[in-house]
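See structure below.
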Amino acid sequence: MIGGVEVPVNTEFLVKWKGRSYIHVEWVKPETIIENDRVGKQKLSRFLRNFGENSEETDFLEDGGFNPDYLELDRIIDHKVRNGQHWYYVKWKSQFYNEATWESAADINDDAKIQQYKQWNKYPPAQTSSSSKGQWEQINVSPSYKHGNTLRPY
């Protein structure tokens, strides 16, 4: 019994843990929720009070329980290496940027997005200037630009 509501034996709940993406959603027993979340008992009690007796409102679980777009990688924002393992900061499709999560390279199954991130984040080649300060010369006539535009004579 949790929060005055009787929970059938072998009941499991579909849980999306805070700070983790929807690819890590899992079915867990109530005891696991209570052990891993300091307010887990309160959350379970509230859920059972609101949805426990109304199976019509929990029919969304037949469709997977959440928007399938949440499992699709939208873009990679950042990258880091910890203990030799590559981690990517991932923005998920149909979610806001504040829902982005760090995912290991093993959890990301989209090599094209990783390549796209690497392509976008290449540093430009260092430009070496052979000219020194003394080699600059004044331009008296403005070059002509697109649509006949020129520089203003300040």
Side-chain angles (χ1 to χ4, degrees), residues 12-28 30 32-52 54-154:
E12 291 185 335
F13 296 93
L14 185 64
V15 175
K16 188 252 179 222
W17 299 104
K18 186 175 182 178
R20 304 206 57 201
S21 66
Y22 280 86
I23 62 172
H24 301 289
V25 167
E26 58 185 336
W27 288 96
V28 295
T32 306
I33 298 170
I34 293 169
E35 290 170 7
N36 292 322
D37 190 347
R38 64 181 178 84
V39 291
K41 188 171 185 177
Q42 294 169 347
K43 289 179 182 178
L44 272 176
S45 173
R46 188 176 328 117
F47 177 81
L48 291 170
R49 218 179 17 246
N50 293 335
F51 299 108
N54 296 333
S55 62
E56 299 166 2
E57 294 186 23
T58 57
D59 287 341
F60 66 93
L61 292 176
E62 294 174 5
D63 298 331
F66 53 88
N67 186 342
D69 282 352
Y70 295 171
L71 298 173
E72 191 175 330
L73 189 147
D74 186 23
R75 65 180 288 229
I76 296 174
I77 302 170
D78 199 6
H79 172 253
K80 67 182 175 182
V81 179
R82 286 249 167 102
N83 300 326
Q85 187 176 10
H86 292 271
W87 290 84
Y88 296 97
Y89 196 53
V90 175
K91 192 244 181 237
W92 299 96
K93 187 173 180 183
S94 298
Q95 289 192 310
F96 297 108
Y97 279 90
N98 65 345
E99 294 288 330
T101 56
W102 284 102
E103 302 294 336
S104 69
D107 290 337
I108 298 176
N109 297 324
D110 197 340
D111 292 333
K113 293 286 186 183
I114 293 173
Q115 290 304 320
Q116 184 181 45
Y117 167 77
K118 289 178 180 178
Q119 181 67 32
W120 285 352
N121 288 292
K122 282 184 181 175
Y123 288 107
Q127 295 195 4
T128 56
S129 176
S130 60
S131 63
S132 65
K133 190 174 182 179
Q135 294 179 343
W136 293 96
E137 60 184 62
Q138 184 175 354
I139 299 175
N140 295 325
V141 179
S142 172
S144 180
Y145 294 99
K146 192 174 184 180
H147 304 295
N149 292 327
T150 58
L151 297 175
R152 293 184 180 183
Y154 288 104

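Values below: every heavy atom of this structure, side chains too, minus hydrogens, waters and symmetry copies.
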How long is the straight-line distance from CD of Gln42 back to CD1 of Ile34, given to the nearest 0.5 Å? 10.5 Å
So, taking the atom named CZ in Phe66 and the one named CD in Gln95, what distance separates them when rounded to the nearest 0.5 Å? 9.5 Å
Stepwise, does the side chain to side chain contact (heavy atoms under 4.5 Å, CB included) test hold for Leu73 with Trp92? CA-CA 5 Å; Leu73 189 147; Trp92 299 96; 4.3 Å; yes
Check whether Lys16 reaches the backbone of Arg20 with its side chain - one donor and one acceptor, N or O, closer than 3.5 Å. yes
Which donor-acceptor pairs under 3.5 Å do side chains of residues 111-118 form with protein atoms, sequence neighbours excluded?
residue : atom : partner : partner atom : Å
Lys113  : NZ   : Asp74   : O            : 3.0
Tyr117  : OH   : His79   : N            : 3.3

Is it the case that the side chain of Asp37 and the backbone of Ile33 share a donor-acceptor pair, with hydrogens and angles ignored and the cut-off at 3.5 Å? no
Closest non-hydrogen contact found for Trp17 with Thr32 is CH2-O, 4.3 Å
In Å, rounded to the nearest 0.5 Å, how long is the span from CZ of Phe96 to NZ of Lys91? 8.5 Å
Starting at CZ of Arg75, measure out to NZ of Lys93 and round the result to the nearest 0.5 Å. 15.0 Å
Contacts of type side-chain hydrogen bond (donor to acceptor under 3.5 Å, both in side chains), residue Ser94, not counting sequence neighbours: Asp69
Considering all heavy atoms, the nearest Thr150-Ser144 contact: CG2-CA, 4.4 Å
Evaluate side chain to side chain contact (heavy atoms under 4.5 Å, CB included) for Asn67 paired with Tyr22, printing each intermediate quantity in order. CA-CA 9 Å; Asn67 186 342; Tyr22 280 86; over 6 Å; no
Tell me, with the steps shown, if Ile77 and Tyr97 meet side chain to side chain contact (heavy atoms under 4.5 Å, CB included). CA-CA 10 Å; Ile77 302 170; Tyr97 279 90; 3.6 Å; yes
Please say whether more than 12 non-hydrogen atoms of neighbouring residues, nucleotides or ligands are located less than 6.0 Å from CG in Asn83. no
Distance-only donor-acceptor hits, side chain of residues 102-109, under 3.5 Å, sequence neighbours excluded:
residue : atom : partner : partner atom : Å
Glu103  : OE1  : His24   : NE2          : 2.8
Glu103  : OE2  : Ser21   : OG           : 2.8
Glu103  : OE2  : Thr101  : OG1          : 2.7
Ser104  : OG   : Asp107  : N            : 3.4
Ser104  : OG   : Asp107  : OD2          : 3.3

